[in-house]
Amino acid sequence: MLTITLPDGAKREFPGPVSGAELAASIGPGLAKAALAIKFDGKVRDLATVIASDAKVEIVTRTHPDALDLIRHDAAHVMAEAIQELFPGTQITFGPATETGYYYDFHRAEPFTPEDFAAIEQRMKEIVDRDEKITREVVSRDEAVKRFKDLGETFKAEWVKEIPADEDISLYHQGKWFDLCTGPHLPSTGKLGKAFKLMKVAGAYWRGDANNPQLQRVYGTAWADEKQLKDYLTQLEEAEKRDHRRLGREMNLFHQQEEAVGSVFWHPKGWRLYRKLETYIRRRLELNGYQEVKTPQILDRSFWEKSGHWEKFREAMFVIPDDEHKDKQLALKPMNCPGHVQIFRQGLKSYRDLPIRLAEFGACHRNEPSGALHGIMRVRAFTQDDAHIFCTEDQIVDETKAFCDFLLSVYKDFGFDDVRVKFSDRPEKRAGADAIWDKAEDALKTATTAAGLQFTLNPGEGAFYGPKLEFVLRDTIGRDWQCGTLQADFVLPERLDAAYVGEDGQKHRPVMLHRAIFGSLERFVGILIEHHAGKFPLWLAPTQAVVCPIVSDCEPYAKEVVRQLTAAGLVVETDFRNEKINYKVREHSLAKTPVIIAVGKRDEEAGTVAIRRLGEEGQKTFALADAVAALAEEAKSPLDRA
């Protein structure tokens, strides 16, 4: 007998091997209709897959966590079929699922345009209505090459030729159309549904090489139902309104230009915002027992070779020739951690000195590909709120708990209450023996559990020297941003010869906890702009108020209002232009100034001010002293509030 165990613990017995479809049908007709695939041994598989031995099996329906990848992969295939029906002579290459949809690369002499999308989407819907059965066929390499050549699919034939001759090739058929694919797929095109939309077309190169033929990449999005699709499209519209690059211009915060690719020109207002973040986190560091340091920008190649960064990150490093010593090379630092080890190594350290927490606002440079750059979110020159905790193995749990509490309270002050944690374990390219990685991963998992945090596994995404926690913020429109990290490192202290004297009088290696909260200050500013749509809380706003006299005769009183507000600690501007007050209000609202204060003759006589809040209709009148006191209290940093 064959025993299948379901997620709820229920067991079903069969006299012999059973397919996923048969299993679903045995549970009930509703599940048989809803089933898209099955999952066992950690892998999603076609519904037609036969289970030949005892197993724990999940039935994948549209609500299953793995369903979206399946739907999106099939949407790519349906799109490819539709395009080849509508535009004969178009060749297919590859089309994977992505985080929010899918794409497919095509070779075609004529360019696709967004005007083609309606016809393609309509044909995709027709293919869904056909409910074409999707089946898997295994063929030899030579047979696959022949079939693609017969269709004129030269790109596919070239790819298949490079697969080992003794390796089976899987083809997926839907109707008369087929493609090379490892799967899994839905049982039929009708299961895809119609919650999809084509988004854009872009250029690509065959096999990612600019020397190869140019392809056209058509992007789409696909979801489990129409509501999810509508919510996603609404999110995109809202994201466009919140784009930090546009708001950065409108608010006069920063700009970027070709002569400094991947760098930021901070304007006075933007730099005030940046400094507010820096001032806030510096105070928090001091309150949490960190000592601030500063390490060099340029270090010799030999230093990076010893740390392991030269081997792992050489392509991302800016290298400088040493004109005086022709046999040497220098490099701008891409990260701060090796420099902090050098500070730790100065002087003898005892176990009584640990933990030692070293922090730095470290300016780093990484040679990111130009295509990966994105406003101030992804740059080549950036500053990290970096710190490293040197501790004993016994201190890992307490230090992790303290850091997690610290980090979560910081995020809360900036308006982020929804924080998720990912545990990233050993990557394929890494330093250190497996035994060391076992120790590091076990220690970090134990510490995270002790801190009361739930986490999801992010396989293979750890740093090259240790596993890490990634802290992911969810913003007001539901997007996720990975910011903070905590990494447990047993490797770098060994490579760079960091040691302390233990209670036994012998030398021991410290554990090095790499940690950041903002990550990159530039990126965090961009996230804040988009999270708040530029409408910052008063304490964070780069300009907190603007005072506008209604008539020029009120300028002396307006200056007195500014003087009192400034003395109370607010950042205030004046607008003495000879423009109507409504015009001024519109301009300062566009610049997202939180408080607009209008003063006229009556205000001067009564000692009052008229306050208009950003996003609110109308204004309210207050006595000047009361307004100053209330605004000063509201403008306090969270650290200064009672």
Classify the ring geometry between [X] and [Y] as parallel (under 30°), tilted (30 to 60°) or perpendicular (over 60°).
X    : Y    : result
H244 : H374 : perpendicular
Y411 : F416 : perpendicular
F318 : H365 : perpendicular
F112 : F106 : perpendicular

Could you tell me whether [X] and [Y] have a side-chain N and a carboxylate O separated by less than 4.0 Å?
X    : Y    : result
D41  : K43  : no
E121 : K125 : no
R426 : D438 : yes
D142 : K146 : no
E158 : K161 : no
K445 : E441 : no
E305 : R301 : yes
E85  : R130 : yes

Start with the C-alpha distance between H514 and T485, add both sets of side-chain angles, then the distance that settles side chain to side chain contact (heavy atoms under 4.5 Å, CB included), and finish with yes or no.
CA-CA 8 Å; H514 305 241; T485 59; over 6 Å; no
Determine the minimum heavy-atom distance between [X] and [Y], stating which atoms define it.
X    : Y    : value
V57  : P7   : O-CD, 3.3 Å
I71  : W223 : CG2-O, 4.0 Å
T154 : Q91  : N-OE1, 2.7 Å
A222 : A75  : CB-CB, 3.9 Å
W310 : A331 : CZ3-CB, 4.4 Å
A80  : I92  : CB-CG2, 4.1 Å

Do [X] and [Y] come within less than 4.5 Å of each other through their side chains, counting heavy atoms only?
X    : Y    : result
R242 : T476 : yes
S424 : F455 : no
R495 : P338 : no

Any donor-acceptor pair under 3.5 Å from [X] side chain to [Y] backbone:
X    : Y    : value
T189 : I127 : yes
R380 : E368 : yes
S263 : A381 : no
R72  : Y102 : no
Q174 : E132 : no
D54  : L2   : no
N458 : K422 : no
D46  : T49  : no
Q216 : E110 : yes
E530 : A239 : no

Less than 6.0 Å separating the ring centroids of W159 and F94?
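Between W159 and F94, the centre distance is under 6.0 Å.
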With a 6.0 Å cut-off on ring centres, are Y172 and H77 close enough?
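That pair fails the under 6.0 Å test.
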For a side chain to side chain contact (heavy atoms under 4.5 Å, CB included) check, start with the C-alpha distance between R147 and L171, then their side-chain angles and the critical distance, and finish with the verdict.
CA-CA 10 Å; R147 291 198 196 181; L171 304 177; 3.8 Å; yes
Between atom [atom1] of [X] and atom [atom2] of [Y], what is the distance when rounded to the nearest 0.5 Å?
X    : Y    : atom1 : atom2 : result
Q482 : R523 : CD    : CZ    : 6.5 Å
K191 : D131 : NZ    : CG    : 8.0 Å
Q256 : R245 : CD    : CZ    : 9.0 Å
N367 : L332 : CG    : CG    : 10.5 Å
R366 : R378 : CZ    : CZ    : 9.5 Å
R314 : W304 : CZ    : CH2   : 13.0 Å

Give a yes or no on this: more than 12 heavy atoms of other residues, nucleotides or ligands lie within 6.0 Å of atom [atom1] of [X].
X    : atom1 : value
E167 : CD    : yes
K197 : NZ    : no
E162 : CD    : yes
K312 : NZ    : yes
E315 : CD    : no
E311 : CD    : no

Take K11 and T5 through the side-chain hydrogen bond (donor to acceptor under 3.5 Å, both in side chains) test and state the conclusion after the steps.
CA-CA 4 Å; K11 297 182 185 296; T5 304; 3.2 Å; yes
Check the pair L473 / H531 against side chain to side chain contact (heavy atoms under 4.5 Å, CB included), numbers first and verdict last.
CA-CA 10 Å; L473 313 183; H531 177 62; over 6 Å; no
For a side chain to side chain contact (heavy atoms under 4.5 Å, CB included) check, start with the C-alpha distance between W206 and H107, then their side-chain angles and the critical distance, and finish with the verdict.
CA-CA 9 Å; W206 172 235; H107 186 264; over 6 Å; no
